[in-house]
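Heads up: the structure comes next, in structure tokens.
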Protein chains: 2
Amino acid sequence: MKQEVSIVDVAKKAGVSIATVSNVVNGKGRASASTIQKVQRVIEELGYTPNLPARNLKTRRTDLIGLVVPTMEPGRLQDNPFYWDLLAGVEEGARDRKFHIILAGIDESTETFAFAKERRLDGLIIVGMNERSQAIGRAMELGLPVVFIDSYLQDSELYQVNLDDRMGSYRATSYLIAQGHRRIALLVGDIPVDRISSYGVLHERWLGYKDALEEAGIAYDPQLMIKLPTSLEGGYQASNRLVELPDVTAIFSFSDISAMGLLKGLREKGKSVPGEYSVIGFDNLFISEYTSPSLTTVSQNILEKGQAAVRMLLDQIDGQPIEERRKILPVDLIVRETTGRGPFL
Amino acid sequence: MKQEVSIVDVAKKAGVSIATVSNVVNGKGRASASTIQKVQRVIEELGYTPNLPARNLKTRRTDLIGLVVPTMEPGRLQDNPFYWDLLAGVEEGARDRKFHIILAGIDESTETFAFAKERRLDGLIIVGMNERSQAIGRAMELGLPVVFIDSYLQDSELYQVNLDDRMGSYRATSYLIAQGHRRIALLVGDIPVDRISSYGVLHERWLGYKDALEEAGIAYDPQLMIKLPTSLEGGYQASNRLVELPDVTAIFSFSDISAMGLLKGLREKGKSVPGEYSVIGFDNLFISEYTSPSLTTVSQNILEKGQAAVRMLLDQIDGQPIEERRKILPVDLIVRETTGRGPFL
DNA sequence: TTGAAAGCGCTACCAC
DNA sequence: GTGGTAGCGCTTTCAA
């Protein structure tokens with residue numbers, strides 16, 4: 001059993017009161033230079049480390065935030081290298097401000113966030129919630145500062161960090177059109193397209209696609225929607241559908257991961273990219289530059305996304321004014337080798 | 001300001017003492033069925049949630065463990081999808097036992113682990129330390145239970161979870177030999193090969209490679225060591241070196257990630273795989289099945305690795321007997337399409 | 001400039 | 001069975 005050294009031990013040995021030690025430790029209150037010196041030396045000698053949980057009992061702050069990620073949603077966690085960067089961004093941002101993060105995987109349908117209350121977390125960052133998830137209501141009931149990432153929730157009171165998905169999608173589609181493609185398939189994910197509006201990110205990207213078509217005077221064709229999961233396997237399967245669609249010369253996939261599956265599928269079918277099909281992805285994973293051919297994609301800075309979310313959360317916690325509750329990060333189109341000229345150029 | 005409801009409020013409203021409430025909450029001590037009922041109803045009504053930090057002040061346990069990952073080591077964090085699975089394994093294992101994890105990125109050279117003491121963490125899981133890192137000494141000084149993952153530290157007192165890297169490497173190399181390859185290049189990482197023994201994982205894998213050669217009576221040729229980072233870019237560069245090595249028909253890369261870079265490099269040079277070169281990787285990332293051709297590799301169960309580490313840590317914390325301080329997880333050779341027959345078959 | 005003391009929410013011991 | 005109460009390690013008035 002490690003013998004804990006407390007503020008009392010320090011006070012005793014330094015011959016001062018615990019109040020004084022507390023003042024020295026926190027740099028608050030007043031203390032003479034000599035007292036400070038003396039106390040600090042004793043702290044050093046004893047190897048005293050302040051007990052944060054105890055301090056928090058008084059101050060009512062834990063300097064701890066929860067990062068909540070749904071574990072059960074298939075094709076997200078397991079599949080996407082994405083999350084690691086996000087996490088790194090959040091961790092880094094928190095560290096800069098002396099916060100630590102508690103990582104919690106939840107089952108979206110049953111989680112009550114009791115742990116957040118029990119541990120008296122200062123705030124929560126929640127990733128990838130669906131609008132209709134009951135979890136969001138429960139999270140808000142906590143009365144804690146919460147920031148949602150990639151969730152596209154209607155309620156404008158909620159703090160959110162998202163990507164400019166619609167713009168990204170618009171730019172990707174426009175680029176294909178500019179390259180002379182007209183019939184552009186879309187790998188939208190494993191959802192009913194008629195209810196796409198409740199799938200935030202996907203909906204936005206779908207709208208961006210339509211924006212571009214409309215601008216170019218191309219009719220939207222529901223036949224071109226491929227409803228398969230945005231995963232490696234989903235992309236792979238999608239290649240089967242793709243080749244059956246007449247006159248299609250390009251496909252836009254809502255994630256790089258599925259675009260990779262797609263590339264593999266097409267290669268196995270002997271279809272050349274970008275010769276017969278132009279392919280464009282979304283995310284710009286670190287690996288996307290290394291596919292063959294290298295993947296044209298919409299780039300998002302995932303690290304920055306994590307950082308923006310912590311910033312917004314911590315400002316909220318510190319009671320600092322928040323400029324905007326809904327932060328939208330910019331996207332960038334990265335043209336590489338999977339896109340080429342279409343028949344109309 | 002959210003009005004905190006404490007044990008006192010519950011006690012008052014239920015007309016019992018706080019001691020009784022505490023008993024009910026913890027299911028300890030004795031209490032009549034009717035009291036229990038009454039108290040529980042009040043808890044419900046008031047929405048009371050126990051304050052864990054306060055409880056921990058008494059019990060001297062936080063039920064919190066730190067997961068420590070070096071942030072500064074290039075080519076690890078950023079590059080490797082690997083970590084996400086590990087994290088997921090740890091989180092899940094912890095959750096099962098009512099622990100939470102605090103994620104901390106550290107700079108290996110300067111970290112003092114003060115946060116672990118301050119927050120009174122119950123234990124630490126540390127990933128990917130190098131033998132000569134000062135951080136390991138500092139971590140041990142804390143006097144906390146610690147488990148190292150992927151660190152291969154000499155000290156047999158330390159708790160460690162590793163992979164059977166040597167065996168994995170042996171099997172990969174043996175397989176290539178059995179397929180008729182004799183001159184097998186090795187992408188070992190960006191390190192001086194003469195000091196490889198201080199790079200745990202790499203050393204083990206290097207030994208496994210030599211084991212296989214020796215068994216087959218093939219002389220070890222230092223010329224075949226390619227010293228480039230085990231990253232996408234490193235693998236890509238490695239292809240340049242590879243093609244200059246005479247008579248080499250196969251290459252074993254110490255990570256899938258670098259194998260992917262390698263595949264791209266070779267393809268760009270017009271070298272066929274597995275026609276001209278057989279390629280074998282290590283890790284079996286979820287994406288490795290989707291490269292073209294799909295990657296033959298040594299598989300490790302990363303999720304399981306994380307789980308094993310928590311289990312070992314929590315048993316330590318709970319004072320349960322630990323069978324073995326050094327847990328070695330099995331590997332598996334997954335033969336896919338990047339390996340084919342060599343000239344000697 | 002310093003110290004005494006109250007109290008944060010909880011557990012655990014000991015009386016009743 | 002139940003309650004009183006002494007701390008756990010700390011911050012923070014308020015006095016001195």
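Numbered from 1 within each chain, the chains take letters A, B, ... in sequence-line order.
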Between the protein and nucleotides 3-5 of chain C, list every N/O to N/O distance that falls short of 3.5 Å.
| unit_1 | atom_1 | unit_2 | atom_2 | d |
| --- | --- | --- | --- | --- |
| C/dG3 | OP2 | A/Ser17 | N | 2.8 |
| C/dG3 | OP2 | A/Ser17 | OG | 3.3 |
| C/dG3 | OP2 | A/Thr20 | OG1 | 2.8 |

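- Counting non-hydrogen atoms under 4.0 angstrom, A/Pro50 reaches the backbone sugars and phosphates but no base.
- One finds a side-chain N or O of A/Lys28 lying less than 4.0 angstrom from the OP1 or OP2 phosphate oxygen of D/dT12.
- Regarding contacts with the backbone of C/dG9, every side-chain N or O of B/Arg55 stays at 4.0 angstrom or more from both OP1 and OP2.
- Considering only side-chain N and O atoms, A/Ser32 lies under 4.0 angstrom from the phosphate OP1 or OP2 of C/dT2.
- Ion pair A/Arg95/B/Asp107 not flagged as a salt bridge, since none of the NZ, NE, NH1 or NH2 atoms sits closer than 4.0 Å to an Asp/Glu carboxylate oxygen.
- Around the CD atom of B/Glu44, the shell of radius 6.0 Å holds no more than 12 heavy atoms that belong to other residues, nucleotides or ligands.
- Atom CD of A/Gln37 sits in a sparse spot, with 12 or fewer heavy atoms from other residues, nucleotides or ligands closer than 6.0 Å.
- As judged by a 4.0 angstrom heavy-atom cut-off over every strand, B/Asn26 is placed among residues touching the sugar-phosphate backbone only.
- Among the nucleotides C/dG9, C/dT2, C/dC8, the one closest to the side chain of B/Ile7 is C/dG9.
- Between C/dG9 and A/Arg60, a contact under 4.0 Å exists linking OP1 or OP2 to a side-chain N or O.
- Straight-line distance from the CZ atom of B/Arg61 to the P atom of C/dT11: 14 Å, rounded to whole Å.
- When the C1' atom of D/dC8 is taken as reference, atom CG of A/Asn51 falls 9 Å away, rounded to whole Å.
- For A/Tyr48, there are no ring pair (Phe, Tyr, Trp, His ring centres under 6.0 Å) partners at least two apart in sequence or on another chain.
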